[in-house]
Participant: 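After the structure tokens below, expect a handful of questions from me.
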Protein chains: 4
Amino acid sequence: MPTTELGGNSKIKGGPISADRLKSFVERIERLEEEKSSIADDIKDVYTEAKSVGYDTKTIRKIIKLRKMDAADRDEQEALLETYKFALGMM
Amino acid sequence: MPTTELGGNSKIKGGPISADRLKSFVERIERLEEEKSSIADDIKDVYTEAKSVGYDTKTIRKIIKLRKMDAADRDEQEALLETYKFALGMM
Amino acid sequence: MPTTELGGNSKIKGGPISADRLKSFVERIERLEEEKSSIADDIKDVYTEAKSVGYDTKTIRKIIKLRKMDAADRDEQEALLETYKFALGMM
Amino acid sequence: MPTTELGGNSKIKGGPISADRLKSFVERIERLEEEKSSIADDIKDVYTEAKSVGYDTKTIRKIIKLRKMDAADRDEQEALLETYKFALGMM
DNA sequence: CGGCGCTACGTCCGTC
DNA sequence: GACGGACGTAGCGCCG
């Protein structure tokens, strides 16, 4: 019995829903998640290296974030923050 | 002036903190984050494909999660055993 | 001027966005965070006490974590069952 | 057998290490963690309320964080960020 | 638009 | 006392 069928096959498109196929999907996903996790580790390594030669990683993270945000967003958020600070007498 | 020096250079290890070097770190990180993001997209695609042939993605997500938890549990149990042995002076 | 209004008041629900109200929210949150922080300190104290009478805090932390995981697992298993039933058209 | 003793009792201070006592510590911690968790929920509720009357919660979170940091730290971090931005031509 | 899962940050502990 | 590692928590983004 190579391909156990699941459910009542009350589906519309494609062939039957087989357990083998399900397994295949699960394994593809797990493989990709491993890769993703590996890249994440690499990123951590770069931060570690930067730190080891004297850079402040916290600030680098902020820079990365800022570069990702587009200018409009940035200005808008800063303006709102200023407004709130003013309202609270934090200026 | 190819390498602007930052800060007071009040650092200990390595060479000076140059803007070039900073830029290099930032770009390496950004490159890696792009890759990571790309893998994340691939994962999304797999879910989409699975869905298109009739699988319930919510269920698949749960399976993935459980398989991860099972592994973690197993590791945790072993670690706990070690910890107990240590705590009881059995090491 | 007791209640400075913020922004363009381009909002939909409720009354005006006043600085007083904002201040009130901020203070409520800060108060609650103090309480939370205080509880966290209490927890730390308990660990310290346990340690002082000879217990291994690392082990205790693991026990706490496992007891939490067990509960989570149990919930998850039940949820998975429901999901499967749904996926198989058994609902 | 009311109080099982653990380990070889190779400890220095206090009385014996009993399982009962251990249980007591675990329960005290779990109780405190519940309280902490409850406060965290309260905080979430306040944010939700603030949002419901038109405030931007993201900005409020920033405000909370800023008020927690002392002025010196704040200035220092801002200065460093400016320096990095300049180095990267982000000004 | 709300809920959930994942990611990332800050905090705390153990080590050197 | 500082650094690095681990944990728990909080913010963000995707999915439904």
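Quick caveat: nothing in here was measured; it's all calculated off a predicted structure.
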Participant: Pick the closest DNA chain F nucleotide for Tyr47(D) and for Lys44(B) by heavy atoms, then say which residue is nearer the 5' end.
Facilitator: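 Residue closer to the 5' terminus by nearest nucleotide: Tyr47(D).
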
Participant: State, with a plain yes or no, whether a side-chain heavy atom of Leu80(D) is found less than 4.5 Å away from one of Tyr55(A).
Facilitator: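 SC-SC contact between Leu80(D) and Tyr55(A) ruled out.
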
Participant: Going by the rule salt bridge (Lys or Arg N to Asp or Glu O under 4.0 Å), which residues pair with Arg67(B) if we only count those two or more places apart in sequence or in a different chain?
Facilitator: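 Partners of Arg67(B) under the salt bridge (Lys or Arg N to Asp or Glu O under 4.0 Å) test: Glu30(A).
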
Participant: Using a 4.0 Å heavy-atom cut-off across all strands, classify Lys58(B) as base, sugar-phosphate, or nothing.
Facilitator: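 If one applies the 4.0 Å heavy-atom cut-off, Lys58(B) turns out to touch nothing in the nucleic acid.
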
Participant: For dG16(F), does either OP1 or OP2 sit under 4.0 Å from a side-chain N or O belonging to Thr57(B)?
Facilitator: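 The answer is yes; a side-chain N or O of Thr57(B) sits under 4.0 Å from OP1 or OP2.
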
Participant: Roughly how many Å is it from CG in Asp56(A) to P in dG10(E), rounded to a whole number?
Facilitator: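 Result: 11 Å.
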
Participant: Does any pair with a residue in residues 39-60 of chain D pass salt bridge (charged side-chain N to carboxylate O under 4.0 Å, His left out), and if so which ones, sequence neighbours excluded?
Facilitator: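 As it turns out, the salt bridge (charged side-chain N to carboxylate O under 4.0 Å, His left out) pairs with a partner in residues 39-60 of chain D, which skip direct neighbours, are Arg28(C)-Glu49(D).
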
Participant: Let me know the distance between CG of Asp42(C) and P of dC12(E), rounded to the nearest Å.
Facilitator: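 Asp42(C) atom CG is separated from dC12(E) atom P by 13 Å.
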
Participant: If I take atom CG in residue Asp75(C) and atom C1' in nucleotide dC4(E), what distance separates them, rounded to the nearest angstrom?
Facilitator: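 The distance from CG of Asp75(C) to C1' of dC4(E) comes to 15 Å, rounded to the nearest Å.
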
Participant: Less than 4.5 Å apart, side chain to side chain, heavy atoms only: is that true for Tyr84(A) and Val26(C)?
Facilitator: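 Tyr84(A) vs Val26(C): side chains apart.
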
Participant: Using the C1' atoms of the five pairs at each end, what is the angle between the end axes of the helix from dC1(E)-dG16(F) to dC16(E)-dG1(F), to 10°?
Facilitator: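 Taking five pairs per end, the axes differ by 10°.
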
Participant: Can you confirm whether Phe86(B) sits close enough to Thr59(C) that some side-chain heavy atom of one is under 4.5 Å from a side-chain heavy atom of the other?
Facilitator: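 A side-chain contact under 4.5 Å is absent here.
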
Participant: Can you tell me the distance, in whole Å, between the CG atom of Asp41(A) and the C1' atom of dG4(F)?
Facilitator: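 Checked: the CG to C1' distance equals 16 Å.
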
Participant: What's touching nucleotides 5-8 of chain F from the protein side, N or O pairs under 3.5 Å?
Facilitator:
none

Participant: When all nucleic acid strands are considered with a 4.0 Å heavy-atom cut-off, which category describes Lys51(B): base, sugar-phosphate, or nothing?
Facilitator: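 Sugar-phosphate: the residue Lys51(B), judged by heavy atoms under 4.0 Å, touches backbone atoms but no base.
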
Participant: Rounded to whole Å, please give me the gap between CD1 in Ile29(A) and P in dC15(F).
Facilitator: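 In whole Å, dC15(F) P and Ile29(A) CD1 are 12 Å from each other.
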
Participant: Look only at the side chain of Thr83(B) and the backbone of Ala79(B), and say whether a donor-acceptor pair between them is shorter than 3.5 Å.
Facilitator: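 Flag set: sc Thr83(B) to bb Ala79(B) pair under 3.5 Å.
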
Participant: Nearest whole Å is fine: how far is dC3(F) P from Glu49(A) CD?
Facilitator: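 Taking CD of Glu49(A) and P of dC3(F), I get 18 Å after rounding.
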
Participant: For the pair made of CD1 in Ile64(C) and P in dC12(E), what is the distance, rounded to whole Å?
Facilitator: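 To the nearest whole Å, that distance equals 17 Å.
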
Participant: Which pairs with one or both residues in residues 72-83 of chain A pass salt bridge (charged side-chain N to carboxylate O under 4.0 Å, His left out), sequence neighbours excluded?
Facilitator: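 For residues 72-83 of chain A, and leaving out neighbouring residues, the salt bridge (charged side-chain N to carboxylate O under 4.0 Å, His left out) pairs sorted by first residue read Glu82(A)-Lys85(A).
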
Participant: Is there a side chain to side chain contact (heavy atoms under 4.5 Å, CB included) between Ile63(D) and Leu81(A) once you walk through the steps?
Facilitator: CA-CA 8 Å; Ile63(D) 292 284; Leu81(A) 181 59; 3.9 Å; yes

Participant: Atom CD1 of Ile43(C) to atom C1' of dT11(E): distance rounded to whole Å?
Facilitator: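 Distance, rounded to whole Å: 13 Å.
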
Participant: State which residues pass salt bridge (Lys or Arg N to Asp or Glu O under 4.0 Å) with Glu33(B); sequence neighbours excluded, sorted by chain then number.
Facilitator: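 Testing Glu33(B) for salt bridge (Lys or Arg N to Asp or Glu O under 4.0 Å), a comparison that skips the adjacent residues, returns Lys68(A).
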
